[in-house]
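These notes are about the structure you will find just below.
Throughout, a chain's letter reflects where its sequence line sits, starting with A, and its residues are numbered from 1.
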Number of protein chains: 2
Amino acid sequence: MTGGGVKRHYLNMFKDMRRPEVLKNEKRITKGDLTRDRIFTVALNLFREKGFEGTTMREVAAAANMSLGAAYYYFASKEAIVLGYYEKVQEEHELRLAKGLETSKDFRERLGVVMHSKLDILKDDRGLMSALFRFFGNPKHPLSIFAPETRIFRSSAIAVMEQAIGDEKMPPDLREIAPQLLWVMHLGFLFYFIYDESPGQEKSHRLVDGALDVVMNLLTVARLAVMKPFRGKLIKLMKDAGLLIPREEARPMLAEAVEV
Amino acid sequence: MTGGGVKRHYLNMFKDMRRPEVLKNEKRITKGDLTRDRIFTVALNLFREKGFEGTTMREVAAAANMSLGAAYYYFASKEAIVLGYYEKVQEEHELRLAKGLETSKDFRERLGVVMHSKLDILKDDRGLMSALFRFFGNPKHPLSIFAPETRIFRSSAIAVMEQAIGDEKMPPDLREIAPQLLWVMHLGFLFYFIYDESPGQEKSHRLVDGALDVVMNLLTVARLAVMKPFRGKLIKLMKDAGLLIPREEARPMLAEAVEV
DNA sequence: GTCTATACCGAGATAGAC
DNA sequence: GTCTATCTCGGTATAGAC
């Protein structure tokens, strides 16, 4: 992230971020698509073996049997590769939930499916996740959690929470903010998760279950008609702070891919 | 964060982190202490002017009239300088609160003083804060929010929340977790703050006030005897997850400095 | 359009002479 | 305690082969 001459040019960071999966639906798979895929796969393996910081682009290029320049031809930076991974995670999450969410009728159970499956997907890649966390606090960086460039991941993940809520009985005002509140909680889980060295990250899974139970308790209270003024305050607070994402912006990622 | 040869050696990152303020209380001020101070001051000015990423150690060294190697003799890395800044912030916060907290009898008011004064202290240094946020998600890094190396800042900040609570009437179990909950909320404020481009970061201050009002509402409910089982669940959850810091660990930083 | 080869830059960091 | 020289790294740039 540091080296390199002259000015950073973040905006040019993603030369072509379309995923292999999407490309398959298009006219034809070019040779370059395969090469891009090879770099991507090889890089992720290296990241898992030696960590993100510990892997150089030169190693990636070497492992993919090509020159440094060729690797940079496809990925503008090391981080761009990681972003591609994040995209894959979100897709995998949505795929798993497509099956899991339908079979479970209970709201609490659906929330559990959402959270646990996310951790399952990430179980071997906590190091990678922590590499991504680096950018969360940097508003100027395109990999930041609030950057325009990552909007699609953010809104897709929030849409997943909406799906989990489904038609669970809930006052409309609460329904408006619930997906985002769940999403923030999910971020908290991820944060705990990457720090969690317990075998199989069992502590994280226990935390998820305990927290969800508490949430269900909170929900039964929050649902009460008496609580409406309080809910109103909370919503106003979030709106004034610009923390409420318009619902139409929250949509699953796979839906976008198909639409192309 | 990236460049540099061979292996990182995080453990050796802080060659001598004792602050100038503390050193003044010791036998004598060596020439090296002055040099260290000069580097520190010059570096912070550069960071404010050109940002953290935009400032090179070579510039810092040049501005302090010394060689690159000499600068590295005092600070093992660019980040180590920033950590020194964070230490200064915590001290400044405690100093301001020493006056502010005594005069205000109302709990809500005291919380406001704590949160607003923190933002005031940081108002010109949002870029620096975001540089610090980079490490929060990396469990292996000593600048991480959960690393042993930053324990003192963490516990000092929590101790501040304890001070703000003071002898406010509160069930003992709630009193046990309240400081940490407030601290986490305070982290949320900081996160919003570094993203907040509104003039004077007025939106952040409004968010603080709105959120604290909501907290006071929550508190009146949480205090009720009926809520005891619920509080118990929450505490058990935090304890099981290892998220409860023993209270004796939470103490103001200035107290430690004096104690030496 | 895809890729190699290579030279170059500036960054953070280090070793060892003084 | 300080400096010079040097290392590795990430990234840029370019010329040219296929």
Side-chain angles (χ1 to χ4, degrees), chain A residues 1-16 23 26-39 42-43 46-47 50-82 131 134 141 143, chain B residues 1-16 28-39 43 46-47 50-62 64-82 131 134-135 141 143:
Chain A
M1 271 316 305
T2 42
V6 232
K7 274 277 145 292
R8 276 307 85 65
H9 56 289
Y10 287 147
L11 294 181
N12 240 359
M13 184 168 234
F14 313 107
K15 296 191 165 165
D16 181 0
L23 291 166
E26 294 182 357
K27 318 296 184 255
R28 63 171 198 278
I29 303 177
T30 67
K31 193 179 164 197
D33 295 331
L34 293 175
T35 309
R36 155 185 295 271
D37 222 10
R38 200 167 81 239
I39 299 172
V42 157
L46 281 174
F47 290 161
K50 321 176 51 172
F52 177 74
E53 308 267 5
T55 306
T56 70
M57 277 298 269
R58 280 160 178 82
E59 284 172 327
V60 171
N65 288 315
M66 66 183 61
S67 72
L68 174 66
Y72 273 109
Y73 178 76
Y74 289 101
F75 291 94
S77 72
K78 213 163 58 158
E79 281 80 19
I81 304 180
V82 177
R134 297 192 354 176
H141 200 286
L143 294 189
Chain B
M1 266 318 302
T2 41
V6 232
K7 275 279 146 285
R8 279 303 86 66
H9 57 287
Y10 286 148
L11 294 179
N12 239 0
M13 183 167 236
F14 313 107
K15 297 191 167 168
D16 181 359
R28 64 172 196 276
I29 303 175
T30 67
K31 191 181 164 198
D33 296 330
L34 292 175
T35 310
R36 152 183 297 270
D37 220 11
R38 200 167 80 240
I39 299 172
L46 282 174
F47 290 160
K50 322 177 50 170
F52 177 73
E53 308 268 5
T55 305
T56 69
M57 280 297 271
R58 282 165 176 81
E59 286 172 325
V60 171
N65 287 315
M66 65 182 62
S67 73
L68 175 65
Y72 271 105
Y73 176 79
Y74 289 100
F75 292 94
S77 71
K78 210 161 67 158
E79 282 81 17
I81 304 180
V82 178
R134 295 189 359 173
F135 308 111
H141 200 287
L143 293 190

May I ask you to evaluate whether [X] reaches the phosphate of [N], defined as a side-chain N or O under 4.0 Å from OP1 or OP2?
{"X": "A:Thr56", "N": "D:dC9", "result": "no"}
{"X": "B:Tyr74", "N": "D:dT2", "result": "yes"}
{"X": "B:Thr35", "N": "D:dT2", "result": "yes"}
{"X": "A:Lys31", "N": "C:dT2", "result": "no"}

Most 5' of A:Gly69 and A:Thr55 on DNA chain D, judged by nearest nucleotide: A:Thr55
Closest approach of B:Ser67 to B:Ala61 (non-hydrogen atoms, all atoms of both residues): O-CB, 3.5 Å
How many Å lie between [atom1] on [X] and [atom2] on [N], as a whole number?
{"X": "A:Asp33", "N": "C:dT2", "atom1": "CG", "atom2": "P", "answer": "8 Å"}
{"X": "A:Phe52", "N": "D:dC9", "atom1": "CZ", "atom2": "C1'", "answer": "13 Å"}
{"X": "B:Phe75", "N": "D:dG1", "atom1": "CZ", "atom2": "C1'", "answer": "15 Å"}
{"X": "B:Glu53", "N": "C:dG10", "atom1": "CD", "atom2": "P", "answer": "18 Å"}
{"X": "A:Tyr72", "N": "C:dA5", "atom1": "OH", "atom2": "C1'", "answer": "16 Å"}
{"X": "A:Leu68", "N": "C:dT4", "atom1": "CG", "atom2": "P", "answer": "11 Å"}
{"X": "A:Met57", "N": "D:dG11", "atom1": "CE", "atom2": "C1'", "answer": "9 Å"}
{"X": "A:Tyr73", "N": "D:dG16", "atom1": "OH", "atom2": "C1'", "answer": "15 Å"}

Comparing B:Arg58 with A:Met66, nearest DNA chain C nucleotide closer to 5' gives the residue A:Met66
Taking only the side-chain heavy atoms of A:Glu79 (C-beta and beyond), determine which of C:dT4, D:dT4, D:dG11 contains the nearest atom. D:dG11
Drop me the distance from [X]'s [atom1] to [Y]'s [atom2], to the nearest 0.5 angstrom.
{"X": "B:Arg36", "Y": "B:Ile39", "atom1": "CZ", "atom2": "CD1", "answer": "7.5 Å"}
{"X": "B:Tyr74", "Y": "B:Met66", "atom1": "OH", "atom2": "CE", "answer": "7.0 Å"}
{"X": "B:Thr55", "Y": "B:Lys78", "atom1": "OG1", "atom2": "NZ", "answer": "6.5 Å"}

So, do A:Met57 and A:Ile81 sit near enough that their side-chain heavy atoms are less than 4.5 Å apart? yes
